[in-house]
Protein chains: 2
Amino acid sequence: MNELGIPSAHAAGRESGRATRAREVADSLTRAIHEHRLGPGMKLSEDEVGEIFGVSRTIVRAALQQLAHDQLVTIEPHRGAFVAQPSVREAREVFEARALLEPRTARSAAERATPEDIAILRRHIAQEHAALHAGQDGAALRLSGLFHIEIARIADQATIAEFIGQLVSRSSLVIALYWRRRNALCESHAHDALLKALADRDGALAEDLMKGHLLDLLSSLDLREAPGQRRSLKEALGRA
Amino acid sequence: MNELGIPSAHAAGRESGRATRAREVADSLTRAIHEHRLGPGMKLSEDEVGEIFGVSRTIVRAALQQLAHDQLVTIEPHRGAFVAQPSVREAREVFEARALLEPRTARSAAERATPEDIAILRRHIAQEHAALHAGQDGAALRLSGLFHIEIARIADQATIAEFIGQLVSRSSLVIALYWRRRNALCESHAHDALLKALADRDGALAEDLMKGHLLDLLSSLDLREAPGQRRSLKEALGRA
DNA sequence: GGACACATGATCGTATACAATCTGCGCACC
DNA sequence: GGTGCGCAGATTGTATACGATCATGTGTCC
């Protein structure tokens, strides 16, 4: 059951008197989705998830509801929770929202970034490169998303950072469904350029780079009308 | 217990075979917050809320977690759920986020608005005016928020509309805490002007008007450094 | 041989029960 | 008289139990 690398209950263990375990489960699931260990359409049975994490369905339900709110999973009444499968339309919307939020946020970040911030970002990129070279595609993807979130944090806008976090999460699903080619290199270069702009305190450049970066990402997707191309045959034949 | 006008369980009744009752409770609470029947800092005891709505704590918890995700309530471990009290900083962030999202969305809406959309908006404004004249301040405030959400819907951006919905909700709390003067008239005029721009398909004007409208709103708040001015003394002395 | 009806099993929705934790009050002690 | 401790009440955190709903497989009828 645990072939996905989801940490077991014991691995999480007594991690300080943490209040809600639901958050822990939700975070683990979120991470698994970010790293494409859980793909769009997969069923998340309450019993199964609960057994994996060693918690009862109560906790699992709370976690799944959180993910549903982030639109990472879809809860179908009386049928269960499934990893979301963003439609082409939703995919576009996610990137349009990002286009509205991230460039200006990158500008703010450039104007406020401290040397420590830059160092953190540099480490992020290094990890991303390392993961990529190690062939850990999923981990690289997750780190790539964290880079964007970190920029929002540097911009000192917690609210916007939260939104961007949700959008990055959903982008991960979009990429899982609609990714066209495998040249992740361009992305890393984009992040390198962004880092340089931030380090140089060049807000205008950072804004432009971010805008271009998002457009690149969007154009690397295959968003022709195909309402559920990937596993649609299996799903469609399975039920409907 | 029900002096707040929260509809009882029977009022909600058998409203079609709706799946989740938690959503119903959450919506009622959200509405109560929007209309300032529930003010910042109020405690939402699980037992109490459950009794009012005629559901068990399981449902109430789910509803409260939803609201917590929208940052309308704060859940303190082992202490309970309270209507959120946005800090001055959060208040600023909310309006900065709105400034990023709404003007461009208003432009899109202007470019896409159908005559039916305009009619709907016109009705919204009429209701808003009526509520205002009837002295129903809370209802007017809620309708005023719905106007903004409706614009996002017209722009045909469900994702952004969702974000704006959250921000409008939080704005309601911000207004409850930091509102300075009582001249709600200016706001209505702003909505009138926006409606006209939308009807005229003038995207640029709509964008400008929305930007100005948000700035007006922000400037009508009293956001001096006062970390919890309203009930801070009581709260601060009560615990901390 | 195919399609519909029904029974069965699995899964979810909700309520309730129990354990853990916090709050408030009273009392002893300083 | 003030301060610290300890117990009782209340409230939340979690698990489990039970009823409802849906998916699936089998048998019969056409």
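Naming: A, B, ... by sequence-line order, numbering from 1 per chain. Just so it is clear, the structure is predicted and the values come from calculations on it, not from any experiment.
In this structure, CD1 of I59(B) is placed 16 Å from P of dC12(C), rounded to the nearest angstrom. One atom, CD of E46(B), and another, C1' of dA15(C), lie 14 Å apart when rounded to the nearest Å. Rounded to an integer number of Å, the gap from E24(B) CD to dG13(C) P is 15 Å. Here the C1' atom of nucleotide dA15(C) and the CZ atom of R61(B) are 14 Å apart, to the nearest Å. Going from atom CD of Q65(A) over to atom C1' of dG13(C) covers 11 Å, rounded to whole Å. dT23(C) atom P lies 9 Å from atom CD of E76(B), rounded to whole Å. Remark: C1' of dT11(C) and CG of L64(A) are 13 Å apart, rounded to the nearest angstrom. Atom CZ of R21(A) and atom P of dT21(C) are 13 Å apart (whole Å).
At a threshold of 4.0 Å, the pair R21(B)-E24(B) does not count as salt-bridged, since none of the basic side-chain nitrogens sits closer than that to a carboxylate oxygen. Here R170(A) does not pair with D70(A) in a salt bridge; the nearest charged N to carboxylate O distance is not below 4.0 Å.
At distances below 3.5 Å, at least one donor-acceptor pair connects side-chain atoms of R92(B) with backbone N or O atoms of L223(B).
Listed by chain and residue number, nothing satisfies the ring pair (Phe, Tyr, Trp, His ring centres under 6.0 Å) test with H124(B) (two or more places apart in sequence, or in another chain).
Side-chain contact check for Q85(B) versus L173(B): every heavy-atom pair is 4.5 Å or farther apart.
The side chain of R79(B) places no N or O atom within less than 4.0 Å of a non-bridging phosphate oxygen (OP1 or OP2) of dT12(D).
Defined by atom type and a distance below 3.5 Å, a donor-acceptor pair is present between the side-chain atoms of D117(B) and T114(B).
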Show each protein N/O and nucleotides 16-20 of chain C N/O combination with a separation under 3.5 Å, one pair to a line.
unit_1	atom_1	unit_2	atom_2	d
dT16(C)	O4	T58(B)	OG1	3.4

